Amino acid sequence: MNDHKKLSKSLCRRPESSGLMKNLTVIWLVQSCAIVVSGKLCLVDPLCKCTHLKQELDCSNRNITEIPALPKNLTEINFSGNTIKKVPDDVFFNNGLLELLDLSHNLISNLHRRSFSGLVSVKRLLLNNNDISDVHGYALTELMSLLELNFKMNPYDSLGLNFTGISLITAKLDFRQPYNMTRNFWSMPKLRNMDVSGLTGICNVKTLSADVFKLLPKLETINVSACSINYIYIGTFRTLSNLIYLDVSLNRCLKFSGVENITNDLPYTSIKILNINKVHQDFELNTEITIKHFQNLKNTTLETLYIEGNRIQLIEPGALLYLPKTMQNVFAADNQFSFGGYIKDVVKTPIHFVNLSNLFTPHNPTIKPEICDFVAERCIRSGDGHKRFYERYLHSPVKEQNTIPPYISVPPNMTKFIYKGCNLRYKIPLVLISSNKVKYIDASFNIFHSWNGTVVSFNNLEYLDMSNNFCTNISNNFFLRARNLKYLYVQNNLLGFVLPKDTDGRILRTVEKLEAINLAFNRIQLLPWMFFKQQRLLRKLNISNNMLDNITFDISHMDHLIYCDISNNILSSLPKSFRDQLKNSIRMGN
């Protein structure tokens, strides 16, 4: 050991040579000093594989097989992704300042009583994805400051851990429940966040009873997604007055009958976010949301509802009226909505944002359905609901004969609407829209092949994405009422069939506030000189990947233009007129 220290001092001594040799010598000496750590050569010291930054030590994914002696001043240590098999007694005895210890994704098989001895300041302990099958009853009691524990993906039963004297705030655990047996969580009076999701761990729970969370009165978030839950009893969440986030998604046997029992308890909580995505089997008959499912939401503080992937085709008239006044966001993508009496209720809802993307999306037939013990659900036969919904709403033959345009009700507070990837194969006729505050619409990846319009009245619309719709026609009046539009994305259509005919710039004549437009991938061969005549505020113009062989449109009035993409056309050169316009734009920009 003394020889190593003498070697370190001699190697790190300031060199006396000068010139180029001096610089080279310094580099060599620095490297030589770096290979000596605490009197040990790096060839045998695992710490030399780690990255040491201030009081943090990152030893993740370094093929380390054992925990070495550690510096005393560390506050964070990451040993994840190695092949460590044990945590020796007192190995952290001198690390009283440590606050984060990550031992996840190793091969640890057991924890002794003194495995964590000395770790009096540790707040976060990550032990997930190991092979822990034996834990001493007092192994965790040394961790008096522990606030967060991740013990997922271990053979040891998480419900057998002893947390005496520990005030956990966040627990991420496995939750195993033997057949025909209910289990309850132990007393953790200060626990706020419980994650037993089967997506990141092992969770197999057929039922949740009224006692399961009884000893966890402070819970604010619960994640029981992908737990194979078949049934949730009334009263399961009723005592959790602080509950603000509940995720029961991906329990495909739960159905809406189970959801009804959940909503029965929510008025007694502080719920803000409810996730009931995919609580229905992929290939069962479509389902209907009834008043009973939603009626107890009226007296809650719910703000965000996730209800995607549930094969919802109908909503009982009146059910939407039970959404609380606090409701803002609804994520209802990947469903099967068809026309129904509930449409008239939509305008009376308080929602601000709706995502109805990917309706009628096919699912992977190789996915095996869950085996359900409880089956009680109101289902309806799947028909061509998509066609009936759209044709009833926008293409009523009676209305067309009377030349009365269809009228669509929009929630008065809604500002953002996403309706992408729904396979809609229709033209957009003259449509009347109820008074609204909509600023953002994404209707991309459909087949709205002809935009006849006008769409009245999206007077507040600022962002519109109609890309990837195979559109071949735009009427001169389609954007007539979109006077506040700033961002227009219409790439990947077939607008090259119609835009060359707009010699007077009538299509965009009212869109004077436009700042960005994307016309890429539209087979455009020519754009008339006056096409952008009203777009003085345009900052970004993308007309790439078309068939332009000449630049025939005017940009000289675009004083704010900072980006112009005309790449991947068939231009052999830029005409002088266009080069002069670019020069003027640059001059104006300076």
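Each residue takes its place number in the sequence, starting with 1. The structure displayed is predicted, hence computed values, not measured ones. Just so you know, these numbers use all the heavy atoms, side chains as well, and skip hydrogens, waters and symmetry mates.
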Chemist: Of the options R252, K255, R311, which is the one that meets E284 in a salt bridge (charged side-chain N to carboxylate O under 4.0 Å, His left out)?
Modeler: K255
Chemist: Could you name each residue pair satisfying salt bridge (charged side-chain N to carboxylate O under 4.0 Å, His left out) that touches residues 446-456, not counting sequence neighbours?
Modeler: none
Chemist: Please tell me whether K513 and N484 have a donor and an acceptor in their side chains that are separated by less than 3.5 angstrom.
Modeler: yes
Chemist: For a quick check under 3.5 Å, do N223 and S225 share a side-chain donor-acceptor pair by atom type?
Modeler: yes
Chemist: Identify whether the distance between the nearest side-chain nitrogen and carboxylate oxygen of R509 and D504 falls below 4.0 Å.
Modeler: no
Chemist: Test side-chain hydrogen bond (donor to acceptor under 3.5 Å, both in side chains) on N468 and N492 and set out the steps.
Modeler: CA-CA 5 Å; N468 297 277; N492 226 358; 2.6 Å; yes
Chemist: Under 3.5 Å, is there a donor-acceptor pair linking the side chains of D195 and S197?
Modeler: no
Chemist: Does the side chain of D247 pick up a donor-acceptor pair with the side chain of Y306 at under 3.5 Å?
Modeler: no
Chemist: Can the ring centroids of F360 and F337 be said to lie less than 6.0 angstrom from one another?
Modeler: no
Chemist: Determine yes or no for a side-chain-to-main-chain donor-acceptor pair under 3.5 angstrom, with N569 supplying the side chain and I543 the backbone.
Modeler: yes
Chemist: C471: which residues meet the disulfide bond (SG atoms under 2.5 Å apart) condition with it, sequence neighbours left out?
Modeler: none
Chemist: Filter on salt bridge (charged side-chain N to carboxylate O under 4.0 Å, His left out), then keep only pairs touching residues 443-467, sequence neighbours left out; what's left?
Modeler: none
Chemist: Taking atom types as modelled and ignoring hydrogens, do the side chains of N452 and S475 form a donor-acceptor contact shorter than 3.5 angstrom?
Modeler: no
Chemist: Would you say that more than 12 heavy atoms from the other residues, nucleotides or ligands in this model lie under 6.0 Å from the CZ of R481, or not?
Modeler: no
Chemist: Taking all heavy atoms of L359 and all of A332, pick out the closest pair and write down the distance.
Modeler: CD2-O, 4.2 Å
